Amino acid sequence: MRLSPLNQRRWTNFKRNRRAWYSMWIFAVLFGLSLFAELIANDRPLLVKYQGAFYSPIAKFYPETTFGGDFRTEAEYRDIEVQCLIISGGSENCWDDPDATIEDAADGEIGGEAIQTGWIINPLLPFSYNTINDINGPAPSAPDSTHLLGTDNSARDVLARVIYGFRLSIVFTLLVTVAATIIGVAAGAVQGYFGGRVDLIFQRILEIWSAVPSLYVIIIMFAILGRSFWLLVILSIVFGWPALVGVVRAEFLRARNFEYVRAARALGVSNATIMFRHMLPNAMVATLTILPFIVTGTIGALATLDFLGFGLPSSAPSLGELTLQAKQNLQAPWLAFTAFFTFAIMLSLLVFIFEGVRDAFDPRKTFQ
């Protein structure tokens, strides 16, 4: 799609803002990797070869009996006996030799017999965000070669939880920000464009709505309906959209009597076309100035609710829950450092990107 000259100038200005440009690429790489978190950190193998057939446990349920086991429940792929069955091709004398190892099975020799061999391809991190790991000593455990960022107080790998938690925070923020921005911009545009009684009624509604304690309402709704991701998204949108109304309203009130608006009205252009095609682009700079605060505030609100125990379910890979664990386990400083640097990097990149977008839309800003 060919960009208009105006949008080409904006894109050029954004690329010239090196801080925003590099931040966008770094964030895109990190978020792109987190979208494939199941392929990076998972306690199920990516691919298994067993008796000449191929299986993909990461995408499909396979009972242990599929690989020569005794149970019809899902195979525990991290169990060394299940690994032996897969690699040895379901040999009945698997582990007959007390000194046998997985390497012996891979070489095709267990119990003195040559057997058909298979193999297992695991993700980079062989555990998911909710995998309970066997560790030597009490949890949380310090970082080591197996758990690069250590484990939390439930022996779950911190790095896996950070990967999933990063994706959860960004997806939540994008959903809330996009929806709240659309509603807030539309409400502010209607108020500023029509003014008069419409503006007066909307202002009284906003005053009442802004006085509602959103945190208490969220806690009450969670107590009644139960904690869930989508309920939190809806409630965050319901209480988040007024943040942009004031800025957009002021811009439309200022521009409603400009000459080009009067000319459009005289030519019979519809109100919706005047508002969103002619006036809204002029209000974008002020709107984009507020977006970084909405984004960071949304991430902070999610982390705060999880930190207080009123956010997502405790089993969810939450960065706020990781921060709570850091507070409760001062003897495990790696939890605090991980939470701090994760939030610092994520919020800094987002702020730099939105600052670049804001400056790109500002005709007074130029970059060499």
Side-chain angles (χ1 to χ4, degrees), residues 1-34 166 169-189 191-193 236-237 240-256 258-261 274-303 341-368:
M1 182 178 65
R2 185 178 179 83
L3 297 177
S4 65
L6 177 60
N7 288 328
Q8 287 179 2
R9 183 187 64 80
R10 291 169 176 170
W11 178 244
T12 301
N13 281 343
F14 180 79
K15 290 195 295 184
R16 287 177 178 174
N17 188 336
R18 295 187 178 275
R19 184 173 65 181
W21 178 250
Y22 291 132
S23 296
M24 184 192 71
W25 278 108
I26 294 172
F27 177 80
V29 170
L30 294 177
F31 183 52
L33 290 175
S34 70
F166 180 86
S169 297
I170 298 302
V171 170
F172 173 83
T173 302
L174 290 177
L175 291 173
V176 173
T177 301
V178 170
T181 299
I182 293 174
I183 298 173
V185 167
Q191 279 189 251
Y193 181 78
S236 298
I237 294 172
W241 66 268
L244 278 170
V245 173
V247 176
V248 178
R249 169 180 173 269
E251 290 294 317
F252 272 73
L253 281 173
R254 182 177 64 88
R256 61 185 296 210
F258 282 0
E259 292 298 328
Y260 73 91
V261 176
I274 296 174
M275 291 166 58
F276 297 107
R277 185 172 181 178
H278 300 292
M279 297 178 68
L280 183 59
N282 295 323
M284 286 302 296
V285 175
T287 304
L288 292 172
T289 301
I290 304 298
L291 279 183
F293 300 101
I294 296 178
V295 170
T296 55
T298 302
I299 295 176
L302 176 62
F341 283 109
T342 301
F343 278 116
I345 293 172
M346 176 170 56
L347 295 177
S348 297
L349 291 175
L350 288 171
V351 169
F352 292 156
I353 293 170
F354 278 104
E355 282 184 350
V357 174
R358 177 201 63 192
D359 294 341
F361 275 81
D362 190 348
R364 297 168 298 180
K365 291 279 187 177
T366 58
F367 297 91
Q368 302 298 329

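What you see is a predicted model, and the numbers here were worked out from it, not measured in a lab.
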For this session: For Asp359 and Asn13, run side chain to side chain contact (heavy atoms under 4.5 Å, CB included): C-alpha distance rounded to whole Å, both residues' side-chain angles, the deciding distance at 0.1 Å, then the answer.
Result: CA-CA 8 Å; Asp359 294 341; Asn13 281 343; over 6 Å; no

For this session: Start with the C-alpha gap between Thr298 and Ile294, add the side-chain angles, then the distance that decides, and say whether side chain to side chain contact (heavy atoms under 4.5 Å, CB included) holds.
Result: CA-CA 6 Å; Thr298 302; Ile294 296 178; 4.1 Å; yes

Problem set entry | side chain to side chain contact (heavy atoms under 4.5 Å, CB included) between Leu349 and Leu30, worked out | CA-CA 11 Å; Leu349 291 175; Leu30 294 177; 4.0 Å; yes

Exercise. Stepwise, does the side chain to side chain contact (heavy atoms under 4.5 Å, CB included) test hold for Phe252 with Val247?
Worked result: CA-CA 9 Å; Phe252 272 73; Val247 176; over 6 Å; no

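To the nearest 0.5 angstrom, Phe166 atom CZ is 9.5 Å from Leu33 atom CG. Separation of atoms OG1 (Thr181) and CG (Leu291) is listed at 5.0 Å; rounding is to 0.5 Å. Atoms CZ and OG1, from Arg10 and Thr12 in turn, are 12.0 Å apart once rounded to the nearest 0.5 Å. Taken to the nearest 0.5 Å, the CZ atom of Arg18 stands 11.0 Å off from the CH2 atom of Trp21. How far CZ of Phe352 is from CG of Asn17: 10.0 Å, rounded to the nearest 0.5 Å. In this structure, OG on Ser236 lies 7.5 Å from CG on Leu302, to the nearest 0.5 angstrom.
More than 12 heavy atoms of other residues, nucleotides or ligands lie within 6.0 Å of CZ in Phe276, so this atom counts as buried by the packing criterion. The 12-atom threshold is not exceeded at CZ of Arg277, counting heavy atoms of other residues, nucleotides or ligands nearer than 6.0 Å.
The closest side-chain heavy-atom distance from Met279 to Val261 is below 4.5 Å. Residues Phe343 and Ile299 meet the side-chain proximity criterion, which asks for heavy atoms closer than 4.5 Å. At least one side-chain heavy atom of Leu174 sits less than 4.5 Å from a side-chain heavy atom of Phe31. Side-chain contact between Ile170 and Met346 is present, with heavy atoms from C-beta onward closer than 4.5 Å. Residues Tyr260 and Ile274 have side chains not in contact (no heavy-atom distance under 4.5 Å, counting atoms from C-beta outward).
A distance-only check finds no donor-acceptor pair linking the side chain of Ser348 to the backbone of Ile345 [under 3.5 Å].
The minimum heavy-atom distance between Gly356 and Ala20, with the atom names listed, is CA-CB, 3.6 Å. Of all the heavy atoms in Val245 and Gln191, the pair that sits closest is CG1-OE1, 3.1 Å. Considering all non-hydrogen atoms of both residues, Ile237 and Ala179 come closest at CD1-CB, 3.4 Å.
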